[in-house]
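Written below as structure tokens is the structure these notes are about.
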Amino acid sequence: MTMLATWLRIGFLILLCGQALAQDAYPSKPLRLILPFPPGGGTDILGRLVAERLSARLGQPVVTDNRGGAGGNLGAEAAARAAPDGYTLLLAAPTLAISPSLYAKLSYDPQKDLAPISLVATVPNVLVTHPSVPASTLQEFIALAKAKPGELNFGSGGSGTSNHLGGELFNSVAGVKLVHVPYKGVNLAMNDAMAGNVQLVIIGIPAAAPQIKAGKLRALAVLAPQRSAALPDVPTAAEAGLAELDVTTWYGLLAPAATPRPIIARLNAEIVRTMREPELNERLAAMAVDPVTSTPEEFAVYIRQETAKWGDVVRKAGLRAD
């Protein structure tokens, strides 16, 4: 072996050792967790709980950064454009899978510019109506809607939100045509349902359960594969014959693409441990939030499935946000 070849080999080994040491030392400074929605919502509440516990596990502060706007796309783009060093993370929601088909010009590609780490949690949604609506079950409501085409409406948290797309999915699988009424937040839509001004709203169980139990709203179906412990007497849409009507709000952790695999693996391991903490599970159960984790590969497959599902809904409904 020549002297040059020997030095090249030594240099290569030194480089590999340096990279390994850098990754072993990760993290050596605070991390930023981008929450792509304003303070006070589900993403914000869950994100702060996760950040607090992840900080303890990583030995470094995990600072939350609310970047609301454009249906969650401003925050997602900021994460996609960040350095792929493991110090910028994103807590995403279903809008990550909805935006590619809804927006003609998206400044980032969710599947190419972001690296999945793990699912974090899911929140089941429920179909609610006003008690005065003459329908006690989902099938009765569908029959009513078919008898009055174009006369009933559904409220959402705004055009392009997951509850808007859920309403369009309901129109498609049930063979009805409810008119969409967008609000500036799904809680406002729920309030108008309680006032009897809209006939249907898809909303997360944490927000709806108190109103259902108080008799201010009637629950027609849980839009998840299983019944909810928070509303054990409410059947699933599948039980009513609409298995396709699954509108589960999910949350997942991602990093910029090209983040080193050892860092992705470390973050995955820590978030899995975090979401198994008994005290956190108790708090999430009280909020009707289900902790759910995955491998990075499983999360990537799930995002592709969700993107295809909502893309089909967007195309069939002829929706466009810009």
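Donor-acceptor pairing under 3.5 Å is recorded for the side chains of R48 and T64. Neither side chain, T161 nor Y183, offers a donor N or O lying under 3.5 Å from an acceptor on the other. Checked by atom type, the side-chain pair N163/N125 shows no donor-acceptor distance below 3.5 Å. Checked by atom type, the side-chain pair N268/R273 shows no donor-acceptor distance below 3.5 Å.
To the nearest 0.5 Å, atom CZ of residue R67 and atom CG of residue L90 are 11.0 Å apart. Remark: L284 CG to L46 CG distance equals 6.5 Å, nearest 0.5 Å. Put simply, NZ on K146 and NZ on K177 are 15.0 Å apart, with the number rounded to the nearest 0.5 Å. From Y251, atom OH reaches atom OG1 of T122 across 10.0 Å, with rounding to the nearest 0.5 Å. Interatomic distance, D233 CG to S228 OG, rounded to the nearest 0.5 Å: 11.0 Å. Summarising the geometry, atom CE belonging to M190 is positioned 14.5 Å from atom CD1 belonging to I202; distances are rounded to the nearest 0.5 Å.
At least one side-chain heavy atom of L319 sits under 4.5 Å from a side-chain heavy atom of H164. Inter-residue side-chain proximity for F141 and V133 is flagged as met; some heavy-atom pair is nearer than 4.5 Å. Contact check for L96 versus Q111: no side-chain heavy atoms found under the 4.5 Å cut-off. Residues V62 and L54 have side chains in contact (heavy-atom distance under 4.5 Å, counting atoms from C-beta outward). With a 4.5 Å cut-off on side-chain heavy atoms, Q199 and L178 do not count as touching. Looking only at side-chain heavy atoms (C-beta outward), D246 and L223 stay at 4.5 Å or farther from each other. Proximity of I212 to R218: side-chain heavy atoms (C-beta onward) are nowhere separated by under 4.5 Å. Y26 has its side chain within reach of L267: a pair of non-hydrogen atoms, C-beta onward, lies under 4.5 Å apart.
For the pair G311 and S101, the tightest heavy-atom approach, listed with the atom from each and the gap, is CA-OG, 3.4 Å. In this structure, A145 and L152 approach most closely via the heavy-atom pair CA-CD1, 3.7 Å. Across P39 and N66, no two heavy atoms sit closer than the pair N-ND2, 3.6 Å. A pairwise comparison of heavy atoms in L33 and L91 identifies CD1-N, 3.8 Å as the closest pair. Closest approach of K29 to Q60, counting heavy atoms only: C-OE1, 3.4 Å. Across all non-hydrogen atoms, the minimal contact from L245 to G166 is CD1-O, 4.2 Å.
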Worked check of side chain to side chain contact (heavy atoms under 4.5 Å, CB included) between L89 and I34: CA-CA 6 Å; L89 307 176; I34 295 178; over 6 Å; no
Candidate pair L280 and E52, rule side chain to side chain contact (heavy atoms under 4.5 Å, CB included), full reasoning: CA-CA 11 Å; L280 178 60; E52 178 184 348; over 6 Å; no
Stepwise salt bridge (Lys or Arg N to Asp or Glu O under 4.0 Å) test for R315 and E168: CA-CA 11 Å; R315 285 187 292 273; E168 298 294 354; over 6 Å; no
Step-by-step side chain to side chain contact (heavy atoms under 4.5 Å, CB included) determination, E140 to L144: CA-CA 6 Å; E140 288 179 3; L144 178 66; over 6 Å; no
Criterion side chain to side chain contact (heavy atoms under 4.5 Å, CB included) on V198 and F154, from CA distance to verdict: CA-CA 6 Å; V198 291; F154 75 93; over 6 Å; no
Chi angles and distances behind the side chain to side chain donor-acceptor pair (under 3.5 Å) call for Y302, T307: CA-CA 9 Å; Y302 185 71; T307 301; over 6 Å; no
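Follow the hydrophobic side-chain contacts under 4.5 Å out from L49 and you reach V123 in the same cluster. Hydrophobic clustering (ILVMFWY, side-chain heavy atoms < 4.5 Å, transitive): L127 and I205 are in distinct clusters.
Looking only at distances, a side-chain donor or acceptor of N73 sits under 3.5 Å from a matching main-chain atom of A70. In this structure, S28 contributes its side chain and A25 its backbone to no donor-acceptor pair below 3.5 Å. No side-chain donor-acceptor contact under 3.5 Å links R283 to the backbone of E279. Of the possible donor and acceptor atoms, one in the side chain of D113 sits under 3.5 Å from a partner among the backbone N and O of D109. In this structure, the side chain of S118 does not engage the main chain of T295 through any donor-acceptor pair within 3.5 Å.
Legend: residues meeting side-chain contact (heavy atoms from CB on, under 4.5 Å) with E77, ordered by chain and number and at least two apart, are R81, S107, Y108. Taking the side-chain contact (heavy atoms from CB on, under 4.5 Å) definition, one finds that T236 meets it with R227, A238, E239, sequence neighbours left out.
When the shell of 6.0 Å around NZ of K309 is examined, it contains more than 12 heavy atoms from other residues, nucleotides or ligands.
E270 and R53 are not joined by a salt bridge, as no carboxylate oxygen comes within less than 4.0 angstrom of a charged side-chain nitrogen. Ion pairing between E297 and R261 holds under the 4.0 Å rule for side-chain N and carboxylate O.
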